[in-house]
Amino acid sequence: MASKPSRPTGPKKAKKGPTKGTGGLGRKALEGRGPTPKAEDRAWHPAGKRKAAQERYAASGGTGKPRQAAGQNGRPSTNGRTKQKSSDESEVVTGRNSVLEALRAKIPATTLYVATRIEMDDRVKEALSIATRRGIPVLEVMRPELDRMAGFDGVHQGLAIKVPPYEYAHPMELLDQVIARGENPLFIALDGITDPRNLGAIIRSTAAFGGHGVILPQRRSVGLTASAWKTSAGAAARTPVAMAANLTQTLKAFKERGVFVIGLDGDGDVSLPGLELADQPILVVVGSEGKGLSRLVTETCDAVVSIPISASTESLNAGIAASVTLYEIARRRNAE
């Protein structure tokens, strides 16, 4: 049997000799890509997007910066103003006292809800009278619907009202108003309070002991929700609540206007009965439920006050601590 013809092979490759240099052909690659472009020259960077937007705005005949210029983090700038809720985020206030106080204070309510077969008393009659006089729609609903509106464990007593989002005042404007009336300022500021029931209790105590307003930080703090309205038993309608974009800077601004800032802390170096600043313009700062006062706020305070209690293992929550302090300040002022 004949054998198969062998496959032709090409010429044998020569052995690889020593590698020769490139003669400078790769010198540019070794030098790198040059300096890093500036942030505004990079189209994908927020600074580059801002620059492009400004150029487009200038090319269209406008002057200055665009209205929606982005901030340093690429988000639209709010120019330091408090961001308000959208118009559809209404709050529901439940309970006869809270609803009646809101109506008396002429809160711009949109709807009054009344349970079917409600037990009429003076509060319900007055609420219906005010709503009718002001042209507020009155809807009669079943109790399960009111239960849903009040939320879990909510008590509505057959009465509820829907109000638009709360419009916070400016802290310095409140101070100017108090000084213009010739009164001795007394304010409460909350440093990280997250429980709406504590906020409602503090608003109620502020109204009871002659306080002029409550100041909330814009971040890491509860707002004036329906739960806070209810806990305040309607005091939120009489006591203004302001919002500070930066609590520490607001405290410093109050100090520049002659207001003494005192903080509440269990380890404070001044005992509340020995507080000598009660007759002076005062702003009391209450810390959060768990962490207490923050470091920057503590450093800003003129004094850190502690409330003496008999049991070393017990502590007071934020609402009670504020109430005790406000009572002591009011007592000292009235005694003079």
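Because the structure is predicted, anything quoted here is derived from the model rather than measured.
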So if you build clusters from Ile, Leu, Val, Met, Phe, Trp, Tyr with side-chain heavy-atom gaps below 4.5 Å, do Leu186 and Leu275 land together? yes
Minimum-distance pair of heavy atoms, taken over all atoms of Ala242 and Leu174: CB-CD1, 3.7 Å
Using the ring of each side chain (for Trp, its six-membered ring), is Phe209 parallel, tilted or perpendicular to Tyr327, with breaks at 30° and 60°? perpendicular
Using 0.5 Å steps for rounding, measure from the CD1 atom of Ile307 to the CD1 atom of Ile320. 9.5 Å
Is Asn184 reaching over with its side chain to a backbone N or O of Asp279, donor-acceptor style, under 3.5 angstrom? yes
How long is the span from the OG1 atom in Thr250 to the NZ atom in Lys252, to the nearest 0.5 Å? 11.0 Å
Side-chain heavy atoms under 4.5 angstrom apart, residues restricted to Ile, Leu, Val, Met, Phe, Trp, Tyr: same cluster for Val138 and Met120? yes
Any side-chain heavy atom of Thr300 sitting closer than 4.5 Å to one from Val261? no
Just wondering, do Val114 and Val141 contact through their side chains at under 4.5 Å, heavy atoms? no
Going through the checks in order, is the side-chain contact (heavy atoms from CB on, under 4.5 Å) test met by Val214 and Leu216? CA-CA 7 Å; Val214 178; Leu216 305 178; 4.1 Å; yes
Test log, rule salt bridge (Lys or Arg N to Asp or Glu O under 4.0 Å), inputs Glu328 and Arg332: CA-CA 6 Å; Glu328 179 64 17; Arg332 285 173 167 264; 3.1 Å; yes
Measure the shortest side-chain to side-chain distance between Val270 and Val304 over non-hydrogen atoms and say whether it is less than 4.5 angstrom. no
Main-chain N/O of Lys125 paired with Ser129 side-chain donor or acceptor, under 3.5 Å: no
Exam field: side chain Gln157 to backbone Arg96, donor-acceptor pair closer than 3.5 Å: yes
Distance check, rounded to the nearest 0.5 Å: Ile136 atom CD1 versus Leu128 atom CG? 11.0 Å
Determine the minimum heavy-atom distance between Thr110 and Pro137, stating which atoms define it. O-CD, 3.1 Å
When Tyr113 is tested against each of Glu140, Glu145, Met149 for side chain to side chain contact (heavy atoms under 4.5 Å, CB included), which residue passes? Met149
Okay, side chain of Arg104, backbone of Ala127: is any donor-acceptor separation there less than 3.5 Å? no
If you round to the nearest 0.5 Å, how far is CD of Gln280 from CD1 of Ile329? 11.5 Å
Look up atom CG in Leu175 and atom NE2 in His170, then write down how far apart they are to the nearest 0.5 Å. 11.0 Å
Residues Lys255 and Asp302 bridged, charged N to O under 4.0 Å: yes
If you count heavy atoms of other groups shown closer than 6.0 angstrom to CZ of Arg181, is the number above 12? yes
Any link between Ile262 and Ile193 through a network of hydrophobic side chains (Ile, Leu, Val, Met, Phe, Trp, Tyr) touching at under 4.5 Å? yes
Could you tell me which non-hydrogen atom of Leu293 sits nearest to which non-hydrogen atom of Gly263, and how far apart they are? CD1-CA, 3.8 Å
Ignoring hydrogens, what is the shortest heavy-atom contact between Pro281 and Arg333? Give both atom names and the distance. CA-NH2, 4.2 Å
Decide yes or no on side-chain contact (heavy atoms from CB on, under 4.5 Å) for Asp176 and Arg257, but give the supporting numbers first. CA-CA 10 Å; Asp176 291 338; Arg257 298 292 301 275; 2.8 Å; yes
Could you walk me through whether Leu326 and Thr206 pass side-chain contact (heavy atoms from CB on, under 4.5 Å), step by step? CA-CA 7 Å; Leu326 288 170; Thr206 303; 3.9 Å; yes
Under 3.5 Å, side chain of His212 to main-chain N/O of Phe187, donor-acceptor pair present? no
In Å, rounded to the nearest 0.5 Å, how long is the span from CG of Leu199 to CZ of Arg197? 12.0 Å
Output yes when a side-chain donor or acceptor of Asp191 lies under 3.5 Å from a complementary backbone atom of Ser294, and no otherwise. yes
Cluster check Val297, Ile215: I/L/V/M/F/W/Y, side chain < 4.5 angstrom: yes
Smallest separation among heavy atoms of Ile161 and Leu103, with atom names: CD1-CD2, 3.3 Å
Flag yes if Met243 and Leu283 sit in one hydrophobic cluster, no otherwise; membership is Ile, Leu, Val, Met, Phe, Trp, Tyr, and two members link when side-chain heavy atoms are under 4.5 Å apart. no
Counting only heavy atoms not in Met142, do more than 12 sit closer than 6.0 Å to its CE atom? no
Sub-3.5 Å donor-acceptor pair from the side chain of Arg123 to the main-chain atoms of Leu100, do we have one? no
What heavy-atom pair brings Ala131 and Leu112 nearest, and what distance separates the two atoms? CB-CD2, 3.7 Å
Full working for side-chain contact (heavy atoms from CB on, under 4.5 Å) between Ile203 and Val241: CA-CA 8 Å; Ile203 293 175; Val241 179; 3.9 Å; yes
Is there a side-chain contact between Leu146 and Thr94, using heavy atoms and a 4.5 Å cut-off? no
